[in-house]
Amino acid sequence: MNDLTSEILQKNIYDFMSHEQLEKSLKVTLNKNIVFIPAMAQENIDLYYILEGNVGVYSQSYNGRRFLIDTLGPNQFVGKFSQMRKQNFYCEIKTNTQATMLKLTDIKNELFNHEHFLLYFYVKTSNRVYEMYKISMARTLFSYEELLAHYLLNKANETGFIGDTDANICLEANISERQYYYITKKFENDHLINHDKKGRYIHDVAGLKDIASNVTKFMKNQI
């Protein structure tokens, strides 16, 4: 990463917008599970900048299976960027938590005419593309068992409690419910995880880390 890119990534959107542009932007707060950008093409393409909260980009396969494309949090742009490139991947964007964002749709053309803002936008969005590409590669390079071990470790808190639903973990790991069932059953039989009415817990952290080691190294650029 060069010095200019590193410097840009340490800034936020307020460093690239004038007072007048900030007044033209619209700050919106949406509750959890609100689809605010639809899958169908938009005549006027929406552009948001996340201030607080978390959103997910979702798509659906031809057989009806829903899958997660990306998850974005504060200081990230979100919108139908594929359509900006004369494509449409038919992804909908939904709030995963309550989220506060700057809606920049009505002033995006004005913003893109400013060299410094444009550079900031492209650095932020291109970095996300590489992160998505890395996740896609991991799904090809590693087994479902390795991937699920990695995601379970990332979801667990300091007590080992995995504070997320099975459905969300399937989406993030891109694992079908059937595959998830068989792998978690194997992990339970091997005494790596257990569960009760509250949810799932990691019983053997070291054992799960051993299974996930190659995925973890790959995601941390250690391979």
Side-chain angles (χ1 to χ4, degrees), residues 1-18 20-22 24-30 34-61 66-140 154 171-174 218-221:
M1 184 181 298
N2 62 42
D3 292 340
L4 178 59
T5 301
S6 179
E7 181 182 346
I8 287 173
L9 291 176
Q10 292 175 20
K11 297 180 180 293
N12 63 48
I13 196 168
Y14 299 115
D15 296 311
F16 300 93
M17 293 178 67
S18 68
E20 291 75 15
Q21 289 169 337
L22 285 171
K24 291 178 185 178
S25 65
L26 178 65
K27 183 181 286 189
V28 296
T29 298
L30 302 176
I34 300 295
V35 176
F36 61 98
I37 296 181
M40 68 280 292
Q42 293 183 307
E43 185 174 344
N44 185 20
I45 303 169
D46 279 325
L47 176 65
Y48 290 83
Y49 184 85
I50 305 168
L51 300 174
E52 297 176 356
N54 181 283
V55 308
V57 183
Y58 299 88
S59 189
Q60 189 166 298
S61 65
R66 184 176 170 83
F67 58 97
L68 179 68
I69 302 295
D70 198 11
T71 301
L72 300 107
N75 303 319
Q76 294 290 343
F77 290 100
V78 63
K80 294 184 75 67
F81 302 145
S82 64
Q83 198 181 332
M84 289 182 182
R85 294 289 187 169
K86 310 301 181 184
Q87 304 288 332
N88 188 5
F89 295 163
Y90 295 97
C91 298
E92 70 175 23
I93 306 175
K94 184 183 77 169
T95 53
N96 292 331
T97 65
Q98 184 182 78
T100 299
M101 297 174 282
L102 285 179
K103 186 173 183 180
L104 306 172
T105 305
D106 293 338
I107 61 170
K108 64 178 184 294
N109 292 334
E110 178 183 334
L111 291 169
F112 289 154
N113 281 327
H114 290 269
E115 180 181 352
H116 293 296
F117 179 90
L118 193 61
L119 181 60
Y120 179 65
F121 174 80
Y122 280 123
V123 167
K124 299 284 283 186
T125 54
S126 62
N127 276 5
R128 291 305 310 169
V129 170
Y130 280 109
E131 288 298 320
M132 291 164 60
Y133 186 59
K134 181 186 288 187
I135 292 170
S136 178
M137 285 184 65
R139 290 167 177 167
T140 302
N154 283 349
L171 277 173
E172 289 198 31
N174 195 30
F218 176 76
M219 298 305 286
K220 291 182 178 180
N221 299 319

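These values consider heavy atoms only, across backbone and side chains, with no hydrogens, waters or symmetry-generated copies. The first residue of the sequence shown is numbered 1, and numbering continues consecutively from there.
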Nearest 0.5 angstrom please: [X] [atom1] to [Y] [atom2], how far?
X      : Y      : atom1 : atom2 : value
Ile107 : Leu102 : CD1   : CG    : 8.5 Å
Lys108 : Lys103 : NZ    : NZ    : 9.5 Å
Met17  : His116 : CE    : NE2   : 15.5 Å
Asn174 : Ile135 : CG    : CD1   : 10.5 Å
Leu111 : Tyr120 : CG    : OH    : 12.0 Å
Gln21  : Glu110 : CD    : CD    : 4.5 Å

Evaluate the side-chain proximity of [Y] to [X]: yes if any heavy-atom separation is below 4.5 Å, no if none is.
X      : Y      : value
Leu119 : Phe16  : no
Phe81  : Phe121 : yes
Leu30  : Met101 : yes
Asn44  : Asp106 : yes
Phe36  : Val55  : yes
Asp46  : Ile93  : no

Grab the two heavy atoms, one from [X] and one from [Y], that are nearest each other, plus how far apart they are.
X      : Y      : value
Thr71  : Arg128 : O-NH2, 3.1 Å
Leu47  : Phe77  : CD1-CD2, 4.0 Å
Ile37  : Gly79  : CD1-CA, 3.7 Å
Asn96  : Gly56  : ND2-N, 3.3 Å
Ser25  : Leu104 : CB-CD2, 3.8 Å
Ser126 : Val123 : OG-O, 3.2 Å

Original post:
If you count the non-hydrogen atoms of other residues, nucleotides and ligands that lie under 6.0 Å from CG in Asp15, is the total more than 12?
Top reply: yes
**OP:** Look at atom NZ of Lys27 and say whether more than 12 heavy atoms of other residues, nucleotides or ligands are closer to it than 6.0 Å.
**Re:** no
Subject >> side-chain contact (heavy atoms from CB on, under 4.5 Å) assessment of Lys134 paired with Asn221 >> reply: CA-CA 10 Å; Lys134 181 186 288 187; Asn221 299 319; 2.9 Å; yes
Original post:
Does the Lys80 side chain pair with the main chain of Ala41, one donor and one acceptor, at a distance under 3.5 Å?
Top reply: no
Subject >> Exam field: side chain Thr97 to backbone Asn54, donor-acceptor pair closer than 3.5 Å >> reply: yes
Original post:
Do Lys124 and Asn75 have side-chain atoms, one donor and one acceptor, less than 3.5 Å apart?
Top reply: no
Original post:
Is Lys94 positioned over the aromatic face of Tyr58, cation under 6.0 angstrom from the ring centre and no more than 45 degrees off axis?
Top reply: yes
Subject >> Parallel, tilted or perpendicular: rings of Phe117 and Phe112 (30°, 60°) >> reply: tilted
